[in-house]
Amino acid sequence: MEVIIVKGADAVAEMGAQLVCELLNKKPKAVMGLATGSTPIALYQKLIQCYQQGEASFRAVTTFNLDEYIGMTADNPQSYRSFMDRELFDQIDILKANTHVPSCGLDDNPRAIGTAYENAISAAGGIDLQILGIGSNGHIGFNEPCSSLSSRTRVKTLTESTVRDNSRLFSAGEFQPHLAITMGIASILESRRVTLLATGAHKATAVRDAIEGPLSARCQASALQTHERATFIIDEAAASCLEYRDYFRWANSENTPIIEKFGNFYELDQT
Ligand code: F6R
């Protein structure tokens, strides 16, 4: 596991954007896994700038989002589909037909929808780079504490803490769903490369549990410890509870010459 600690939220977004641009330049038909929430917004703004400055094209890219509220139609401004259109897709050259956000209506069979979503990811060739945020309870996607670490795309009931964390995005009296469809931990771990972005002191204990804690369903992000190519890009505040943070800084400075020589996606040379 690679842990990169940078100064603040802007540097996290910048480093995430560099990784995405490097991937797209190496593999223009890349398949990306995307997240919603506050954290990736700065990354998406950087990617829009990269596109505008001709440093990246999304023309041939396919995307799969992690999750969506159940019963939330695409035209609802609170839906994750609306979020992605607004924050990224409408401002880059991606073909909307190549963007996927899971969608499950109240009367849909969630198991059939989950299986179809997993099949669509496989048919696209699997995810090259999965972008993740982390909940203050350690969730990735909407895989809440004590979900199976072998989970696949399915319905999850959100915990009270997640509902509370996300209530900032809903106005008083507005309906806030408590159910979501989410890619599972097994689905996420199949991505060829995973990058988790975290900023702010409110993420520090979740980040510590994910990186240094025992591998445990209690902290879903700890499952990334089993991934061959998982990178945490975190700011100082999010890194503040890490016992090994000096080691991570040192390891990173030792790795930099290798990355400068071979790039971040040298494994793609073999595919
Ligand atoms: C959203 C998602 C969630 C968020 C997490 C952090 O698609 O997958 O796991 O990444 O809840 O959200 P923010 O970034 O708003 O703190």
Side-chain angles (χ1 to χ4, degrees), residues 8-10 12-13 16 32-46 63-70 72 74 76 78-89 99-104 114 117 121 127 129-147 149 151-170 176-189 191 194-207 209-210 217 219-224 230-235 237-238:
D10 189 65
V12 168
M32 292 190 57
L34 299 177
T36 55
S38 302
T39 312
I41 291 179
L43 164 68
Y44 297 154
Q45 285 167 357
K46 300 263 181 209
T63 64
F64 289 90
N65 262 78
L66 284 164
D67 40 26
E68 177 62 281
Y69 291 120
I70 297 284
M72 190 74 97
N76 187 319
Q78 291 285 11
S79 72
Y80 284 170
R81 160 54 74 181
S82 293
F83 173 101
M84 289 308 302
D85 287 350
R86 197 167 54 233
E87 301 294 341
L88 184 64
F89 298 151
T99 67
H100 305 85
V101 180
S103 165
C104 187
Y117 201 66
I121 294 173
I127 291 173
L129 175 62
Q130 173 69 57
I131 306 287
L132 296 172
I134 185 169
S136 55
N137 66 3
H139 74 205
I140 48 177
F142 273 137
N143 296 287
E144 297 287 35
C146 306
S147 298
L149 295 181
S151 56
R152 296 263 166 204
T153 306
R154 74 226 181 279
V155 171
K156 280 303 293 182
T157 303
L158 306 184
T159 58
E160 258 183 70
S161 74
T162 296
V163 171
R164 207 173 34 246
D165 284 352
N166 287 356
S167 64
R168 71 189 191 283
L169 305 167
F170 292 81
Q176 183 184 355
H178 294 175
L179 286 175
I181 183 160
T182 179
M183 276 167 61
I185 296 297
S187 338
I188 291 168
L189 291 178
S191 308
V194 181
T195 293
L196 186 149
L197 310 181
T199 59
H202 62 302
K203 298 293 175 70
T205 54
V207 164
D209 292 349
C219 175
Q220 294 281 303
S222 69
L224 299 177
T231 305
F232 281 68
I233 307 177
I234 57 181
D235 70 359

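Residue numbers run from 1 in the order of the sequence given. In what follows, every heavy atom counts, from backbone to side chain, and hydrogens, waters and symmetry copies are set aside. First listed ligand is number 1; within each ligand, the first listed atom is number 1. Keep in mind that what you see is a predicted model, and the values were worked out from it rather than measured.
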Contact table, ligand 1 N/O with protein N/O, distance under 3.5 Å:
from: ligand 1; atom 1: 7 (O); to: Thr36; atom 2: N; distance (Å): 2.9
from: ligand 1; atom 1: 7 (O); to: Thr36; atom 2: OG1; distance (Å): 2.8
from: ligand 1; atom 1: 7 (O); to: Asp67; atom 2: OD1; distance (Å): 2.7
from: ligand 1; atom 1: 7 (O); to: Asp67; atom 2: OD2; distance (Å): 3.3
from: ligand 1; atom 1: 8 (O); to: Asp67; atom 2: OD2; distance (Å): 3.0
from: ligand 1; atom 1: 8 (O); to: Gly141; atom 2: N; distance (Å): 3.4
from: ligand 1; atom 1: 9 (O); to: His139; atom 2: NE2; distance (Å): 3.4
from: ligand 1; atom 1: 9 (O); to: Gly141; atom 2: N; distance (Å): 3.3
from: ligand 1; atom 1: 9 (O); to: Gly141; atom 2: O; distance (Å): 2.7
from: ligand 1; atom 1: 11 (O); to: His139; atom 2: NE2; distance (Å): 2.6
from: ligand 1; atom 1: 14 (O); to: Ser38; atom 2: N; distance (Å): 3.3
from: ligand 1; atom 1: 14 (O); to: Thr39; atom 2: N; distance (Å): 2.9
from: ligand 1; atom 1: 14 (O); to: Thr39; atom 2: OG1; distance (Å): 2.5
from: ligand 1; atom 1: 15 (O); to: Ser38; atom 2: N; distance (Å): 2.8
from: ligand 1; atom 1: 15 (O); to: Arg168; atom 2: NH2; distance (Å): 2.9
from: ligand 1; atom 1: 16 (O); to: Lys203; atom 2: NZ; distance (Å): 2.6

Exercise. Step by step, would you call Asn137 with Glu144 a side-chain hydrogen bond (donor to acceptor under 3.5 Å, both in side chains)?
Worked result: CA-CA 8 Å; Asn137 66 3; Glu144 297 287 35; 3.0 Å; yes

Exercise. Taking only residues two or more places apart in sequence or in another chain, which ones pass ring-ring contact (aromatic ring centres under 6.0 Å, His included) with Tyr117?
Worked result: Phe64

Exercise. Is any side-chain heavy atom of Leu88 closer than 4.5 Å to a side-chain heavy atom of Thr99?
Worked result: no

Exercise. So do Tyr69 and Leu158 actually touch side chain to side chain, heavy atoms under 4.5 Å?
Worked result: yes

Exercise. Got a sec, which residues hit salt bridge (charged side-chain N to carboxylate O under 4.0 Å, His left out) with Asp85, two or more places apart in sequence or on another chain?
Worked result: Arg81, Lys96

For this session: Quick one: list whatever passes side-chain contact (heavy atoms from CB on, under 4.5 Å) with Gln45, sequence neighbours left out.
Result: Ile41

